[in-house]
Amino acid sequence: MNFTRFSRAAVIATVGAIALSSCAANEGAAPSASNAPVSTLAGTINGSGASSQGSAQEAWIAGFQTANQKVTINYAPDGSGAGRKAFIAGGVNFAGSDSALSDTELAGTFGSCVAGTKAIDLPIYISPIAVIFNVAGVTKLNLDAATIAGIFKGAITTWNDPAIVALNPDAKLPAATITAVHRGDDSGTTKNFADYLNKVAPAVWDKAPADTFPYAGGEGAQGTAGVVASVTNGTNTIGYADASKAGKLGVAAIKVGSSFVNYTAAAAAAVVEESPLVAGRGDSDIAIAINRTTTDASHYPLVLVSYLIVCGQYTDVKAGAVVKAYASYIAGDGQKVAAAKAGSAPLSATLAGKVSKAIAAIK
Amino acid sequence: MTTATTPREAIGTSHTLTTGHLPRWSPFVLLGLSWLVFIGVFLLTAASSKSEFNLVGALFLGTVFFDIVIFVVSYLVEGVRQAKNRLVTSLVSTAFIIALLPLISLVYTVTLKGADRALDLSFFTNSMRNVTGAGGGALHAIIGTLEITAMATVISVPVGLLAAIYLVEYGRGALARSITFFVDVMTGIPSIVAGLFAFAMFALLFSDPGIRFGFGGSIALSVLMIPVVVRSSEEMLKLVPNELREASYALGVPKWLTIVKIVIPTSIAGITTGITLAIARVIGETAPLLLIAGFTASVNYDLFSERMMSLPVFVYTQYAYPGTDAQAYLDRAWAGALVLIAIVMVLNLVARLIAKIFSPKLGR
Amino acid sequence: MLAARQTGFGAVIGSNRTRPQRFSNRRITEKPSMTKTVARVSARQRPADRIFSGTTMGAGILILVALAAVAIFLVAESLPAFLANPKELKGSPSSFWEYVGPLVFGTIWAAALALAMAMPVAIGIALFISHYAPRRIAQVLGYIIDLLAAVPSVVFGLWGIGVLAPFIRPFYDGLVQNFGWFPLFTGPVSGTGKTILTVAIVLAVMILPIITAVSREVFLQTPRLHEEAALALGATRWEMIQIAVLPFGRPGVISAAMLGLGRALGETMVVAMVLSPAVVYSFVLTGSANPLTIAGNIALNFPEASGVAVNALIATGLILFVITLVINSVARYVINRRKAFSGAN
């Protein structure tokens, strides 16, 4: 065996490795072209939580760090539960979560907050959930909540079931078995999806909404990416996922009132806008009880709201200042950035106003 | 087949050494023929049912068919012992081909999907800081993976190798037995539990409930790596002939020097193979690093403070949480995977080089 | 390659011996009378020897301490799950064991399938490389198989869900249509191919290199004289392997299998990414409802878990630990029983 050749390869590899350990081309204090006022904010803050808002956080962090060169923000998409847990323990400066803090969590203490003060929930990420399908020859599909519930529960098993045919008289539905793909891991997407079905079609979807998919039938897949991959690679499949991740898959229109509505950012924002707040919470706490049973055809009620959880008052004043600036960026300019980069629905002006007011109160 | 009726062998009696033997070329011809037969069968069925022609399936079934044919032919011509021998030979080769199929498919997929970005220099000079959508790179993840894995190796190899030496050369009684046994148990620690353990330990030690740093990742990986190092080194050390040790003792060489100068060099090739495998085993770990080394988009050189990205975490998060331009994220994920494989390949070569340098020079 | 040279080395030394004998190296170091006769020499060597053996023992003890720490952590974190009201666990089972039962079943079933598929192939490859392929090609082949070990599990996951599952789904359709009467292939067939058999195939590919690499090194160490003696007696190559190579390598191969099994039992990412899970006891290989493994369950549910659910997940980790312990004890027992027949020292 020719070892000089190998040693040469090794040397090249070593030199390459050394070359790698120089500075990243896109990092360091590269002055931006614009004459933006130099930010005085500095330091590293860490967040953790829902993976649903992961790509939005990525976009916000990029935007905020560009404007504030000395700030580093890390957001780990560990999951809502992990994020809330880390935040309560004081391990992270802020959390992202698909559900607002529970009453028991609010009754406890928060590690990063000044003793006696509470954390607040800020709705900052609205994403419509799409019912995606992959059936040869079918490009358009209309479904109502009872039919969706029947399919995912396992009560409707073939594509040419009378219930589906009745809603889609023009579609060429095959006589094939439906493979319904649901989230195999616990997730806020499942909870919102189940909440919608449970509120609109309680007779069929009789289990209380939870992070875990409640029925035994169908196929499980890990994460939004797993559901999308399963629906894409399988045949005669149907699933649910964040609308921005649907890609080229077919997306079903859902029945609201008497008409079928395709998801749009505006329709998703509209239903959140019209929904009442959860009662009995602090002034700054904005937890939304989504009105799933709306009959307004300009609403898309199958929507997920994800929260930013921050302290009302931080023990670490410097970190608090960065979090506050970051949160106001998210509620303001960040909404448009996330819509472009992560496909979310921007908050309506009224709701954004409420959120900004709550952020202004952060100390 | 008509191989047995070729003129030379038909004469038979005058060629006692070659009678009752299949000619050397017969297995190859038979293999080619059975492939052809199955490609033909598959082509016909594909044409009749208008389905796609499946070359992999044809070659696979053709190979299996060949295994049977060679046994039968050899049994008829050469007798049962030779037939068995030929059957095993072909089965063993078939096993190799079977193993190659997923490997080829994997390497092909990763290269096809990853080469685009992995051949792009900016992938190695950029981190993901302030990058959304296309562009960006994996510099932060590559640095993190190299540092964390190097630290894990620095911890695991001495501990693992010394423990293996203890077990083979010194160990006896309850202590050695329990070490052997619990090392086996350690191989069964799920990687995520190792991550949880490292996280809980450091959170307690530094009383920081949100602790994330690269060194913690090295500790978690060491927990996974040590048993593999011990187990494989132990096997290799055991295989060193006792005569070598006895010869050394007879020359008055102390035991520790015998181990260092005779036993280890003799088994160094096996040991480095084991260590390389152990590194390969942990360098691709995602779950524990996500828990304790964390997630960041920026470069961090310091193992001992703040979050540190690693390549598997990079690949996983790029795949699992894409933005609207999902293709750019997927491209980065595959490119990251390709780089990770390339890193392990280079490590493998380096390990072999080291083994070459330190193993005894024998003229043969 | 290098191992091959050692085989030669061993054979040269080995040619001087009259008969293979189990010569314990303890005898030489332990005999006090011997050390006394050469007291001056050994007195000078003793400290270094002590330091060295002490260091190695220290390393061994360090491993035990680390493992004890992991075990203490696992037990301490698991206790709340055992003590808690089982209704608080996922799926509100009547007891903790009802929760963990299907997971234990799934873990063992998936790992057993993977090992059953990987073992024959791995031994075949190891033999191919050590005793069949020409030496020059063998080195390259060994390297190619090692390459498989270099593929991180995330990539196997991506490959499993993106390439293997869609590729293999039509085969499952065929299996269920033609062999649906067979209990393992009872319908209905999975519509995505993400079944436990797919997972087991990926796991088998993943554990293949580690089993192959260790077996190969062990086979290469077979004393050359044993092999030559067998061939000289007129054995065919396969008979030689049966007589000389396999008995010599058996403990090493079992050891290799245990290493592979350990990885298959604890593999997280592939199971989480590829399997379509359900809470069932089912041997069906091609359906949608597959029993989940312990490690896969932890990976799937840890991110969103809170409260006692976290403890329950860690408790399942403890149980995986115990499963490995039991399997390894059995393997050790088998190896020790066979030891007398092996040619290894």
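Within every chain, numbering begins at 1; the chains are lettered A, B, ... in the order of the sequence lines, protein sequences first and strands thereafter. Values below: all heavy atoms of this structure, side chains included; hydrogens, waters and symmetry mates excluded.
- Heavy-atom contacts from other residues, nucleotides or ligands closer than 6.0 Å to CZ of B:F181 number more than 12.
- How far CD1 of C:I125 is from OG of B:S93: 11.0 Å, rounded to the nearest 0.5 Å.
- Proximity to chain C (any heavy atom under 4.5 Å) is shown, for B:F96, by both the backbone and the side chain.
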Please walk me through it: do B:V315 and C:L158 pass side-chain contact (heavy atoms from CB on, under 4.5 Å)? CA-CA 10 Å; B:V315 172; C:L158 288 176; 4.1 Å; yes
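- Contact annotation for C:E77: neither backbone nor side-chain heavy atoms come within less than 4.5 Å of a heavy atom of chain B.
- With no hydrogens or angles considered, a side-chain donor-acceptor pair links C:W159 and B:S105 at under 3.5 Å.
- Residue C:Y132 touches chain B through its side chain alone, counting heavy-atom pairs closer than 4.5 Å.
- For C:A69, the parts sitting under 4.5 Å from any heavy atom of chain B are the backbone and the side chain alike.
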Given B:M186 and C:I63, is the side-chain contact (heavy atoms from CB on, under 4.5 Å) satisfied, shown in steps? CA-CA 9 Å; B:M186 231 172 148; C:I63 290 177; 3.8 Å; yes
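- Contact annotation for B:T89: both backbone and side-chain heavy atoms come within less than 4.5 Å of a heavy atom of chain C.
- Using a 4.5 Å heavy-atom cutoff, the side chains of C:S53 and B:Y166 are not in contact.
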Show your reasoning for whether side-chain contact (heavy atoms from CB on, under 4.5 Å) applies to C:F52 and B:Y170. CA-CA 10 Å; C:F52 189 74; B:Y170 295 101; 3.2 Å; yes
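- Only the side chain of C:L74 comes within contact range of chain B, judged by heavy atoms closer than 4.5 Å.
- Interatomic distance, CH2 of B:W256 versus OG1 of C:T56, reported as 13.0 Å (0.5 Å rounding).
- Proximity to chain C involves both the backbone and the side chain of B:Y316, based on heavy atoms less than 4.5 angstrom apart.
- For a residue to count as touching a neighbouring chain, one of its non-hydrogen atoms must lie under 4.5 Å from one of that chain's; by this rule B:V110 touches chain C with the side chain only.
- Residue B:L91 does not touch chain C at all, counting heavy-atom pairs closer than 4.5 Å.
- Closest approach of B:P254 to C:D49, counting heavy atoms only: CB-OD2, 4.0 Å.
- Counting only heavy atoms from C-beta outward, the side chains of C:L64 and B:L175 approach each other to under 4.5 Å.
- For B:I341, the parts sitting under 4.5 Å from any heavy atom of chain C are the backbone and the side chain alike.
- Using a 4.5 Å cut-off between heavy atoms, C:F73 touches chain B through its side chain atoms alone.
- When heavy atoms are compared at a cutoff of 4.5 Å, C:L313 does not approach chain B at all.
- Shown here are the side-chain hydrogen bond (donor to acceptor under 3.5 Å, both in side chains) partners of B:T276, two or more places apart in sequence or in another chain: there are none.
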In sequence, state the C-alpha distance, the side-chain angles, and the governing distance for B:L239 and C:V218, and then conclude on side-chain contact (heavy atoms from CB on, under 4.5 Å). CA-CA 8 Å; B:L239 292 172; C:V218 173; 4.3 Å; yes
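- With a threshold of 4.5 angstrom between heavy atoms, C:I161 approaches chain B through side-chain atoms but not through N, CA, C or O.
- Between the CD1 atom of B:I179 and the CD1 atom of C:I61 there is a distance of 6.5 Å, given to the nearest 0.5 Å.
- Here the CD1 atom belonging to C:I298 is positioned 7.5 Å from the CG atom belonging to B:L196, to the nearest 0.5 angstrom.
- Interface residue B:I259: only side-chain heavy atoms are found under 4.5 Å from chain C.
- With rounding to the nearest 0.5 Å, the separation of CZ in B:F182 from CG in C:L67 is 6.5 Å.
- Counting all heavy atoms, side chain and backbone alike, C:V154 lies closest to B:P312 at CG2-O, 4.1 Å.
- Heavy atoms of B:V260 lying under 4.5 Å from chain C belong exclusively to its side chain.
- Residue B:M201: no heavy atom, backbone or side chain, is found under 4.5 Å from chain C.
- With a threshold of 4.5 angstrom between heavy atoms, C:V205 approaches chain B through side-chain atoms but not through N, CA, C or O.
- The OG1 atom of C:T236 sits 10.5 Å away from the CZ atom of B:R86 when rounded to the nearest 0.5 Å.
- Judged by distance alone, the side chain of B:N85 and the main-chain N or O of C:W238 form a donor-acceptor pair under 3.5 Å.
- Residues C:A59 and B:L162 approach most closely at CB-CB, 3.5 Å, considering heavy atoms.
- With a threshold of 4.5 angstrom between heavy atoms, C:M273 approaches chain B through side-chain atoms but not through N, CA, C or O.
- When C:R237, C:M57, C:M269 are compared by the number of non-hydrogen pairs under 4.5 Å with chain B, C:M57 comes out ahead.
- For B:L291, the part lying under 4.5 angstrom from a heavy atom of chain C is the side chain only.
- Heavy-atom pairs under 4.5 Å with chain C peak, among B:V107, B:L167, B:L106, B:L311, at B:L106.
- With a 4.5 Å cut-off on non-hydrogen atoms, C:L265 does not touch chain B at all.
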